[in-house]
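Since the structure comes first, as structure tokens, the remarks are kept for the end.
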Amino acid sequence: MGYINLNKKSFFNNLDYFSKICSKDKISIALKDNAYGHGILEIGKMCQEYGIKHVFVRNIDEANKAKQFNFESILVLYDIPTTLDDDIVISINSIGDIKKIPKKSKIELKLDTGMHRNGISEDEIDLALEEIFENDLIINGIFTHFCCSDENNDITSEQEKKFQTMLQQIRKKVTYNFRIHCANSHGVFRVDMSRYDLARIGIGAYGYLDIEDKKYLKPVLSLYANKISTKKISIGDHIGYGSSAYIAKVSKIISNYDVGYADGFLRLSENKKSTIQDGRAIFGRISMDSFFVEGNDDTVCVFSDVDRFAKLHNTISYEILALLNPFIKRYEI
């Protein structure tokens, strides 16, 4: 298969940008889901070098990978450990989680303020706190998640108000300090970050935001493919699967490259046309392990910005990035 380059200068540029908004010490970087396809070990190393203190991951396996970088906190969003681990913090997504967590573990209580995906509702707070105290768990933080911070409406403001109301209810029963956070990459523009201890920066750290200020951000990841073979085709020859997917109108030199939909490069059919980064057309259908373009370069850049493919497939940059095969070699440049 091909390989991925990760541009450290671009990553640091993006972290500099968010540091100006909410200070470096408040930034918590998304290493979840293999760092949005960028590679948890590679991005973890860059975070350590930059001085990031906090990260969040999907599960215990990812937390164990992140531990080598000595972050002050690793928040696990969707998994529960079987043994106590002082280095990680466990999210409570429902009342049912609480009694499953080893005693004396650090936890963060997620509040459902309107997304209705997971988290403790307002009428469950007292019961949740009672079970947390009974199970001798340590509240490290309280947080929520915004559902519409990338949209220009009042929903985020309404969620924040509800979050503050629920926090007041919690503070009546929890006498010690805990950290508070609610903002994601878009959310830092919607709330006063001086009121909060963390900002959970995900897609913005990797160079993508659906706001005007995205011009200051730079995509971090570039996907490259290596040549498998080169052929000369004649007028009337078809290329790849399907006799009508692509039929040559002129003779040309084409090459086959070692990236396909098994690597997360979503399939193109004759109904979806696109190009590699330099503008050369991709011929015919994407195969499981390869694609065709004109020329005989040893290596080609498939993309260095996924927005074009996100629009082509009517999806979002997150999906294009997260689907990249974790076994593709990743290199810091």
Side-chain angles (χ1 to χ4, degrees), residues 1-8 10-11 33-43 206-208 218-333:
M1 65 181 70
Y3 63 93
I4 286 170
N5 279 345
L6 302 169
N7 191 308
K8 182 169 70 172
S10 294
F11 186 56
D33 297 295
N34 202 31
Y36 289 17
H38 289 67
I40 189 170
L41 297 179
E42 293 81 3
I43 295 297
Y206 301 114
Y208 299 93
K218 299 178 180 180
V220 174
L221 182 151
S222 299
L223 176 64
Y224 287 82
N226 298 309
K227 184 173 68 175
I228 300 171
S229 64
T230 298
K231 294 182 181 296
K232 182 178 180 179
I233 60 169
S234 303
I235 297 173
D237 287 346
H238 67 265
I239 299 173
Y241 285 113
S243 59
S244 62
Y246 181 85
I247 301 174
K249 296 180 180 179
V250 296
S251 297
K252 61 183 67 179
I253 300 296
I254 65 166
S255 292
N256 188 238
Y257 291 90
D258 64 350
V259 166
Y261 57 79
D263 304 304
F265 185 41
L266 293 178
R267 185 174 181 270
L268 295 177
S269 67
E270 56 269 31
N271 298 317
K272 289 182 178 180
K273 306 296 184 183
S274 192
T275 65
I276 58 174
Q277 188 63 36
D278 65 11
R280 278 181 285 174
I282 297 171
F283 296 141
R285 300 171 182 171
I286 300 287
S287 296
M288 185 179 293
D289 306 307
S290 65
F291 66 89
F292 295 94
V293 295
E294 186 172 0
N296 63 352
D297 307 68
D298 290 334
T299 301
V300 296
C301 180
V302 184
F303 59 69
S304 59
D305 184 331
V306 300
D307 276 343
R308 177 165 49 89
F309 284 100
K311 291 175 183 176
L312 175 70
H313 292 290
N314 193 30
T315 185
I316 55 178
S317 56
Y318 301 74
E319 183 174 21
I320 303 294
L321 293 167
L323 287 175
L324 291 172
N325 192 321
F327 296 107
I328 299 175
K329 295 290 185 183
R330 287 156 169 82
Y331 301 97
E332 177 188 309
I333 62 169

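- Rounded to the nearest 0.5 Å, atoms CD1 (I282) and OG1 (T275) are 6.5 Å apart.
- A donor-acceptor contact shorter than 3.5 Å links the side chain of N7 to the backbone of S10.
- Here the side chain of S255 pairs a donor or acceptor atom with the backbone of G295 at under 3.5 angstrom.
- A donor-acceptor pair under 3.5 Å is absent between the side-chain atoms of R330 and the main chain of I40, judged by distance alone.
- Atom CG of L268 and atom CZ of F283 lie 13.0 Å apart (nearest 0.5 Å).
- The number of heavy atoms from other shown groups lying within 6.0 Å of NZ (K231) does not exceed 12.
- At least one donor-acceptor pair closer than 3.5 Å links the side chain of R280 to the backbone N or O of E294.
- No more than 12 heavy atoms of other residues, nucleotides or ligands shown are found within 6.0 angstrom of CG on N314.
- Under the 4.5 Å side-chain criterion, counting only non-hydrogen atoms from C-beta, I233 is in contact with K252.
- No donor-acceptor distance shorter than 3.5 angstrom exists from the side chain of D258 to the backbone of I228, with no hydrogens or angles considered.
- Pairing each heavy atom of A262 with each of N325, the nearest pair is O-ND2, 3.3 Å.
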TODO: Before giving the answer on side chain to side chain contact (heavy atoms under 4.5 Å, CB included), spell out for K227 and N296 the whole-Å C-alpha distance, their side-chain angles and the decisive distance to 0.1 Å.
DONE: CA-CA 8 Å; K227 184 173 68 175; N296 63 352; 4.1 Å; yes

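- Residues L312 and S274 come closest through the heavy atom pair CD2-CB, 3.7 Å.
- Rounded to the nearest 0.5 angstrom, D297 CG and I276 CD1 are separated by 7.0 Å.
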Open item on the list: Run I253 and K232 through side chain to side chain contact (heavy atoms under 4.5 Å, CB included) and show every step you take.
Closed with: CA-CA 5 Å; I253 300 296; K232 182 178 180 179; 3.6 Å; yes

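- Checking each of Y257, F303, Y3 against Y224 for a ring-ring contact (aromatic ring centres under 6.0 Å, His included) leaves exactly one that passes, namely Y3.
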TODO: Evaluate the side chain to side chain contact (heavy atoms under 4.5 Å, CB included) criterion for residues L223 and D263: first the C-alpha distance (whole Å), next the side-chain angles of each, then the deciding distance (0.1 Å), finally the verdict.
DONE: CA-CA 10 Å; L223 176 64; D263 304 304; over 6 Å; no

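- When side chains are defined from C-beta on, I235 counts as touching S251, because their heavy atoms get closer than 4.5 Å.
- Taking both residues in full, the closest heavy atoms of C301 and S304 are given as SG-N, 4.1 Å, listed atom of the first, atom of the second, then distance.
- At a threshold of 4.5 Å between non-hydrogen side-chain atoms, the residues I320 and L266 count as touching.
- Aromatic ring orientation, F291 versus F265: perpendicular (interplanar angle above 60°, classes split at 30° and 60°).
- Residues V259 and G2 approach most closely at CG2-N, 3.8 Å, considering heavy atoms.
- With contacts defined as side-chain heavy-atom distances shorter than 4.5 Å, the pair L321/H38 qualifies.
- To the nearest 0.5 angstrom, D298 atom CG is 8.0 Å from T230 atom OG1.
- Atom CG of L221 and atom CG of L6 lie 5.5 Å apart (nearest 0.5 Å).
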Open item on the list: Run the side chain to side chain contact (heavy atoms under 4.5 Å, CB included) test on Y206 and I43 for me, step by step, so that the C-alpha distance in whole Å, both residues' side-chain angles and the decisive distance to 0.1 Å come before the verdict.
Closed with: CA-CA 10 Å; Y206 301 114; I43 295 297; 3.6 Å; yes

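- Contact check for D307 versus S317: side-chain heavy atoms found under the 4.5 Å cut-off.
- For Q277 against D305, the heavy-atom pair with the smallest separation is OE1-N, 4.0 Å.
- At a threshold of 4.5 Å between non-hydrogen side-chain atoms, the residues R285 and I239 do not count as touching.
- Using modelled atom types, one side-chain atom of Y208 and one backbone atom of V306 make a donor-acceptor pair closer than 3.5 Å.
- Counting heavy atoms from C-beta outward, F11 and E42 have side chains that stay 4.5 Å or more apart.
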